[in-house]
> 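Can you keep this structure in mind? I'll have questions shortly.
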Amino acid sequence: MEIRRQERSMEITFEKIRAYRLHAHHLDRRLPAGELAAAAGACGVQNSPPGAWETALFNRVAGCTLAGLEEALCVRKELLQAWSYRGVPVVFPTGESGVFLSPLAALPGEGPWIYTRGVSAALDFLGMSFDQLLPLVAEAAACLDGCTVRSKEALDRTLAARVEPHLPAEKRPLWNAPSMYGAPDRQSVGGAVVSFLLRPCSFASLVVFGQRQDGSPTFTSFQSWTGRQPRQWPEGEKELVRRFLRCYGPASQSGLAAWLGCSPRQAARLWNGVAPELEPVQVAGGTRYLLACEREALAAAQPGDRSLLLLGPHDPYLDLRDRAVVLADPVLQRRVWKTVANPGAVLKDGRVIGVWQARPAKEALGISVSVWEDLQTPERGALERLAEEYAVFRQARLQHFTLEIV
């Protein structure tokens, strides 16, 4: 791997990195109204738990409303939701599937992905391989070109039923046996296999999310949802890495692998694709890399206009691998990044200084904030105003606001 070397690499402070990343994530100041694609296109916006993407764009775009987001996603379709990096639902500009989908497809020998490792129990039970079953599931997913399926459970069942006739006769009873992954009364082994393999099918634009119906997601193909084929990106793989580096740089190859949820081998191939564009810098006594064209932007990064922020759970800014940049204490890190049910994060100048949660009650919200740094009276008032703004965005009134200093 050839990477541009300077006679003496820059030493970068965490403060400078935070300022640089806040700008890249459009959190130093909001984008003008309507710039939803620019905000979502920085590095994609995770939508797990459901609604996370809405909170993220509310924090990035002026005048953002739930109705406007719904229109952009389901009417104008300038935004698209599909399983992307790490196999999670991600919202990104529809014209950029060549950045957020197809580059994630692994080449032979580059497995496993983090989100398909669990399929091994089903493969062992069936006595079949990943490479045998993926083409069958992909072929079954072609039916989505002409239909929409409501609910993930129904999608798994529908595609599993279409795969079954193409299996050897002796495998079919095993395919239809109760799942070993939980809920055996509702899922078969075949349905579980489909569930794992839907992610690589998504990378081929065979399945995307449609409009929610009565609280349930729907699924169809890219072609069926948008009425056209995906746009080709000749340098899509390089562009994916560039966006990672702009939003999370300076970074490392292992950080890219963790963010994508891919194997080290696949990450190495993607990283090497942009190696001539990289420059080493020193961060906390170690070497990391940034895009050489971003060197001046990083050096010149300054705090923006917004000191305090209430970021939602799984906000892209919090999707960093080097958490010490925003929160040094490992004990406090475990309060922010949990195995399940992450809280929101309170930011002050890019640092995480606390957590927050919103509890809905009819047409009202109760918001509780817990911080581990003392705040001045104006800052406490600013946090309450942010909570009120969020409640209005969620079309609710702020029933109560509590602030605890721990």
Side-chain angles (χ1 to χ4, degrees), residues 1-12 17 20-21 24-25 41-44 46 82-88 90 92-93 96-117 130-131 134 199-200 202-205 230-299 316 319-323 325:
M1 178 175 65
E2 294 183 1
I3 293 178
R4 181 182 303 181
R5 302 281 178 180
Q6 299 289 324
E7 291 183 3
R8 184 177 181 181
S9 58
M10 293 172 25
E11 179 73 32
I12 307 299
I17 292 173
Y20 173 75
R21 292 182 184 177
H25 283 271
C43 58
Q46 180 172 330
W83 286 299
S84 181
Y85 43 73
R86 296 191 309 284
V88 300
V90 173
F92 53 86
E96 298 182 7
S97 64
V99 176
F100 292 102
L101 292 182
S102 52
L104 295 166
L107 299 181
E110 289 185 344
W113 295 293
I114 191 172
Y115 38 84
T116 57
R117 289 174 186 163
F130 182 97
D131 292 336
L134 178 56
R199 273 61 177 180
S202 176
F203 304 159
S205 296
R231 174 187 170 190
Q232 298 299 311
W233 279 73
E235 289 200 347
E237 294 177 346
K238 293 181 180 180
E239 185 60 24
L240 176 65
V241 181
R242 291 175 189 135
R243 299 204 188 183
F244 164 75
L245 286 165
R246 289 191 182 103
C247 288
Y248 303 105
S252 65
Q253 181 178 305
S254 61
L256 174 67
W259 183 67
L260 294 178
C262 67
S263 69
R265 185 172 179 179
Q266 183 177 359
R269 173 175 58 83
L270 295 172
W271 186 268
N272 288 339
V274 299
E277 305 174 29
L278 302 183
E279 178 177 319
V281 295
Q282 294 300 305
V283 179
T287 301
R288 300 187 196 175
Y289 298 90
L290 76 155
L291 292 167
C293 63
E294 292 288 306
R295 189 177 197 271
E296 292 184 6
L298 176 60
D319 201 12
L320 71 176
R321 305 298 115 180
D322 48 358
R323 294 171 179 172
V325 170

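Remember, predicted model here, so these are calculated numbers, not experimental data. Residues take their numbers from the sequence shown, with the count starting at 1.
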> Could you pull out all residues at least two apart from Tyr248 that satisfy ring pair (Phe, Tyr, Trp, His ring centres under 6.0 Å)?
His25, Phe244, Trp259
> Grab the two heavy atoms, one from Ala257 and one from Ala267, that are nearest each other, plus how far apart they are.
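Reported closest heavy-atom pair: CB-CB, 3.5 Å.
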> Is there a donor-acceptor pair under 3.5 Å between the side chain of Thr287 and the backbone N or O of Pro280?
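No, because the side chain of Thr287 does not come within donor-acceptor range (under 3.5 Å) of the backbone of Pro280.
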> Should Gln266 and Leu270 count as side-chain neighbours, where that means a heavy-atom distance under 4.5 Å?
yes
> Looking at Arg321 and Ala258, what are the two nearest heavy atoms and their distance?
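Where Arg321 meets Ala258 most closely, the heavy atoms are CD-CB, 3.4 Å.
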> Quick check for you: to the nearest 0.5 Å, what is the distance between Leu320 atom CG and Cys43 atom SG?
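It is 11.0 Å, given to the nearest 0.5 Å.
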> Does Phe92 reach the side chain of Val99, with side-chain heavy atoms less than 4.5 Å apart?
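A side-chain contact under 4.5 Å is absent here.
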> Could you pull out the closest heavy-atom pair between Pro276 and Gly273, with the gap in Å?
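Result for this residue pair: CD-O, 4.3 Å.
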> Please report the interatomic distance CD1(Ile12) to CZ(Arg288), rounded to the nearest 0.5 Å.
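Rounded to the nearest 0.5 Å, the CD1-CZ separation comes to 10.5 Å.
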> Which heavy-atom pair separates Ser202 from Leu101 by the least distance, and what is that distance?
O-CD1, 3.7 Å
> Which atom pair, heavy atoms only, marks the closest approach of Gly44 to Pro316?
O-CG, 3.7 Å
> Tell me every residue that passes salt bridge (Lys or Arg N to Asp or Glu O under 4.0 Å) with Arg86, counting only those two or more places apart in sequence or in another chain.
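If we apply the salt bridge (Lys or Arg N to Asp or Glu O under 4.0 Å) test to Arg86, skipping adjacent residues, the hits are Asp319.
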> Apply side chain to side chain contact (heavy atoms under 4.5 Å, CB included) to Ala297 and list each qualifying residue two or more places apart in sequence or on a separate chain.
Tyr20, Glu294
> State the CZ-OG distance between Arg117 and Ser263, to the nearest 0.5 angstrom.
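Arg117 CZ to Ser263 OG: 8.5 Å, rounded to 0.5 Å.
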> Using the side-chain hydrogen bond (donor to acceptor under 3.5 Å, both in side chains) criterion, which residues pair with Arg242? Sequence neighbours excluded.
Glu235, Glu239, Glu277
> Report yes if the side chains of Pro250 and Tyr289 come closer than 4.5 Å at any heavy-atom pair, otherwise no.
no
> Enumerate the residue pairs fulfilling salt bridge (charged side-chain N to carboxylate O under 4.0 Å, His left out) with a member in residues 102-114, sequence neighbours excluded, ordered by first and then second residue.
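For residues 102-114: Glu110-Arg269.
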> Please round to the nearest 0.5 Å and tell me the distance separating atom CZ of Phe100 and atom OH of Tyr85.
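These two atoms lie 6.5 Å from each other.
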> Quick one: does Pro200's side chain get under 4.5 Å of Leu134's, heavy atoms only?
yes
> Run the side-chain hydrogen bond (donor to acceptor under 3.5 Å, both in side chains) test against Ser252 and tell me which residues pass, sequence neighbours left out.
Ser254
> Nearest 0.5 Å, what's the SG-CG distance between Cys262 and Leu104?
8.0 Å
> Under 3.5 Å, side chain of Arg21 to main-chain N/O of Gly249, donor-acceptor pair present?
yes
> Kindly indicate whether the side chain of Leu245, heavy atoms from C-beta on, has any atom under 4.5 Å from the side chain of Leu278.
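Yes, their side chains come closer than 4.5 Å.
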